[in-house]
Each structure stands twice: as C-alpha cells, then as structure tokens.
Amino acid sequence: MSENINPSENSTQKSLNFIEQIVVEDLAKGKNDGRLQTRFPPEPNGYLHIGHAKAICMDFGIAQKFGGVCNLRLDDTNPQKEDTEYVEAIKEDIQWLGFKWGNIYHASDYFQQLWDFAVSLIKQGKAYIDEQTSEEIAQQKGTPTQPGTDSPFRNRPIEESLALFEKMNSGEVPEGAMVLRAKIDMSSPNMHFRDPIIYRVINKEHHITGNKWKAYPMYDFAHGQSDFFEGVTHSICTLEFVPHRPLYDYFIDELKEGKDLEDHRPRQYEFNRLNLTHTLMSKRKLLALVEEGLVDGWDDPRMPTICGLRRRGYSPEAIRKFVDMIGYTKIEAINEYSMLEAAAREDLNARALRVSAVLDPVKLIITNYPEGQTEEMETINNPENENDGTHTITFSRELWMERADFMEDAPKKFFRMVPGKEVRLKSAYIVKCTGCKKDENGNVVEVYAEYDPQSKSGMEGANRKVKGTLHWVSANHCVKAEVRLYNPLFTVENPAADERDFRELLNPESLQVLKECYVEPFAVKNDTGNRYLQFQRTGYFTLDSHSTTEAPVFNRTVNLKDSFAKK
Ligand code: ATP
Ligand code: MG
C-alpha cells in the first residue's frame, strides 16, 4: 500500500510540508537506521473530531508516503474518563478515513516499565513523594520570571519516598494526598522543569488493567517513554506541546542511562492545531453537549466529530481534501468552516447521484395528461461521471413541485412556474402554467399546467427555448421523508475564545426539520452502493444512518452554494 518516494528526488521536495522535509532529511542521513515510525496517540476519553483528522492525516499519511509505519497508541493513563466505547469508535473512524495502523499499543502496556523507571529515579534521588496539596504545589511553582520554591518534602530520605510510592499504588492513599515529583530544577526558565508531577493516585478501575494500579503516570511521564519503548522515530503532535519538548528529551535521556543512542531516539515535532469557526474541538465540551442532551449524541450531524461528519454525509475523501487545503504550519490560526464545506462541495459534485426531492411541496396537476397514465423517464445519475449510469423516474398527471417555484404575479426574471409561461419539468416535458387554486386564506393549494406531448426530453426537436427547468416527483410514485437542514452549531465565530459559557452560544436554529418532503424512490433505495446524493437544485444530502425504511430521514450535508460568503 505504501508508496515509496525517493528522498533525493528534488521534484517532490517542493510540495513537502515542513515535517515531511524533516523526515526526508532524516531518512537521507540514515537516522534511526533509516526507519520511519510514527504513532497516533488519542486518549480514549471521547470521539475523534475533525482536529484529530488533521493529526491522523499527518501521522498515518507521512508513514504511508515515505514507507514507514504508524501505530495506534491509546493514551490511557487516566481511568477516570476512559472507556472501551471510545476505543472502538476511534478504531472505526481511523479506518473509515482510509488509514491502517501497524500495531495497536496502549500506554497502559507500559505501566510496569514506567513504574520501574520511576522507582529507579527515586533511588537515584531524582524523584520524591510530595504530600502537599495541588494548590500548595501550584503556589510554589513561581512564574516564568520568578523561581519557584522548594517543597518541604523535596529532600526527604529516598527510603521514605520508596515506601510511600508503594503505598500510593496500594489503595491506602486517598486521591490527592500525595504525588510523585521529578526532582529537576525549581528555578528553570521552563516551568515544566520545576519538579513536574509524574505520578498521581486515581482510585478507579482501569478499562484494561482493572485494579492492578492505583498510581498512574502523568502525560509527560508516559508519552515520550512510550515512544521510546515502541521505537517511534518521529513523534508528531500539536504546538501546545512545544514547551514540553525539553522534558520529553530529558526523560528519554534518563531512560537510556548513559547509553549513546547515536540519534536513535524519538524526536518530537509540532504543527498547528486545527481550529474551526462556529464550532468547538474540546472533547470535554463536546462530551458535555452529548451528556446534557444538547445534541443527538456524538454523531449528531452538527458535531465536528468524524462520526458526526460521516452521518452528515461527508466522505472520507472530502475530509482529507480539506486537511490538504489547510496544510500544516507552525502558526496557530482559526480556519473558516466554509472551507470544510467547500471541500465537501467539490468532492460531492464529483460523486453524488442526482435525484429529485421536493422539500416544500405543492401539488402540480397536468390537466391535459391522461388520468391513470404513467411514463418512465430516464435521468442521468451523475453528469460528472458517465459510469454512474442512469435511472428512471415516474411521470404522471399529479406531481409535487416546490412551493417557491410558483408565483402568480412574478417579476420578469422569475423563470419558473407563472401563469401563461412555459417551463421544462426536468427529464420530462415542457409545460405551460394555466393557473392555481387557493384556500380561503389565499394560500396556493394546487397549481395547474398543460403539457406539450411533443416536448419530451430527448425527443427530436423537443428542445425549444424555455428558460427554467424545475424538479418534481410524481405524487403517487414517491416516498414521504423527513429532511433535516443544519446550520452552524454556534452563533459566534470562536466559541472557545468567548467568555460566556459555550452553552449560551449554541445556535437555536442549528437544526431545522422539514416533516413533509417527497423524494423519488431511487433516493431511498438505490443499488449503486453510493450513499451520496444531490437533491437537484437544493443541495447535497444523505440518508440518515438512524433512519428506517418506514420513516426515511435525510440530512443536508451542505447546500449547493456558499451561504457563509453571502453574509
Ligand atoms: P482534548 O484536550 O480536547 O481532550 P486532546 O488534544 O488532548 O483533546 P488527544 O486524544 O490527546 O486529544 O489527541 C490525540 C492527538 O490528536 C494528539 O496528537 C493531538 O495533538 C491531536 N489533536 C487533537 N486535537 C487536535 C486539533 N484540533 N488539531 C490537530 N490535532 C489535534
Ligand atoms: Mg490529550
């Protein structure tokens, strides 16, 4: 599967991003014996989102591109929030995006090795048990310009720390009563070196190791070491970990115990996180939306999660295209949601099957068409791809058309259904509108037209000039469906930066449900295996994965044109 690119080939060099360039140089120098190994390290405490997709495309993509391997590592060092449900969802989403891992590892695979390493640091006087509260420890940290203060426990006897560390893991010590800290430098300009906490007590069952451990390593004490144990060469993460990098290197230096690795060691590289307007990427907040019932689960089509986008009707290719469009840099920024939509539109234009669906129906009666007669009209599935073939749609006397496509008194440029004017019914006939019927409130309840039998699409000479072409479905040959239209989940551009609670920023109009829509049967059941649809003239849609044959529901993926740009 992996496509090898010769690192010395200059022609490919130009289009490489800065991390790819580093990889190419390292491979050329023969670092790590010419091996390339990356990892994607999610914490299984939530579902993956579009930001993770950016990291996945980097971690897996770079390994694939340069003949390396990317492993999946579940960063399960905090049993409080982690769950196997999330592990399964993470695996599904990575595969759906089109990537394959080499192995699956867990940070918990290394709990024993990490414990042993911590014990060895204590024995060397390089770690100690601190019995202060987290507030006290925080107060002593100092500021970047002011040195911190030593903990009163900093110089306690090694034996005491060893005994207490055992106790931390025995279940006797309540959470927060003590922590293990690395003894490094309380006046380091890098705050992460001011005796970082490396172990804490969590009295909760772990989804894999059960009750074996009560003392759990912190991220900084687990991540780099896990990379080292696995033989990761390039540990790629996001920019907020830049200040952690010296500590990452420090623990690996301690771990190698004086051995000269000759640069056979993992190195951390950072790129900019993905931030998107009108949405959030924090798993904690996304979880709150789910738990508080503010959305319809992790896969609510308004969610920025991979499963939400999938349910919404995004293809994996659209997501990868988007990641490609935004690229990788070293500068934090926020990307427009409309870019994600543009990627979807471009992808769906090439892939979607064109179908007829009427979202706001009004009856159209072709008064001169024989009652009881029907015709099967052939329509092209996808003008962008001949191989997608054709299907037929039934034409008859009674049709549904869009309410907005009729006007009694229309302005000149309204090339739709207007009394006395002609329009083409897509894939069928040219009809001339003859009037309408209204109820007592003046609402149009039926529109009338006469068809020209000589104007059938594809007929010799049928193509006389009519300006408008309208979509329709046959009233007795269609399926009633619910259609859900989506708008941005948040009203403000950057809810993460807003001082108000994110719940207050939810868009009350993020979901609009149309209960009575009519779609041609092909939209509900087509045998092509293609789930991506374009409702002609309306937008891109897909059948909701929770919908049933009896009560079909469609989600609008994206409309045909950019609506953000108009505002
Ligand atoms: P949260 O803080 O919301 O829990 P996280 O960043 O800690 O999210 P992880 O599961 O630890 O989530 O992330 C796994 C990998 O995905 C990490 O390497 C992380 O850098 C990357 N990642 C997470 N969010 C983004 C994002 N918005 N853009 C790019 N990469 C991301
Ligand atoms: Mg994390």
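In listed order, ligands and their atoms are each counted from 1.
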Atom of S108, atom of T209 and distance for their closest heavy-atom approach: CB-CG2, 3.9 Å
Which atom pair, heavy atoms only, marks the closest approach of Y328 to K54? OH-O, 2.7 Å
Ligand 1 atoms in contact with [X] (distance to a heavy atom under 4.0 Å):
| X | result |
| --- | --- |
| P42 | 10 (O), 14 (C) |
| A55 | 16 (O), 21 (C), 30 (N) |
| S282 | 3 (O) |
| P41 | 14 (C), 18 (O) |
| F40 | 15 (C), 16 (O) |
| T238 | 19 (C), 20 (O), 29 (C), 30 (N), 31 (C) |

Electrostatic pair E254:K126 at N-O distance under 4.0 angstrom: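 A salt bridge links E254 with K126.
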Are D296 and R484 close enough for a salt bridge, meaning some N to O gap below 4.0 Å? no
d(Y337 OH, F490 CZ) to nearest 0.5 Å is 11.5 Å
Checking the N or O distance criterion of under 3.5 Å, is ligand 1 in contact with L274?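 Yes, at least one N or O pair falls under 3.5 Å.
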Decide whether the shortest distance between a heavy atom of K285 and an atom of ligand 1 is less than 4.0 Å.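 The answer is no: ligand 1 sits nowhere under 4.0 Å from a heavy atom of K285.
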Between Y248 and H244, ring centroids under 6.0 Å: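 Centroid separation for Y248 and H244: 6.0 Å or greater.
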Between Y199 and F165, how do the two ring planes meet: parallel, tilted or perpendicular, split at 30° and 60°?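 Perpendicular.
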Looking at non-hydrogen atoms alone, which of E240, K54, R39, H52 comes nearest to atom 23 (C) of ligand 1? H52
Looking only at non-hydrogen atoms, which of K283, M281, R273 approaches atom 6 (O) of ligand 1 most closely?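 Minimum heavy-atom distance to atom 6 (O) of ligand 1 goes to R273.
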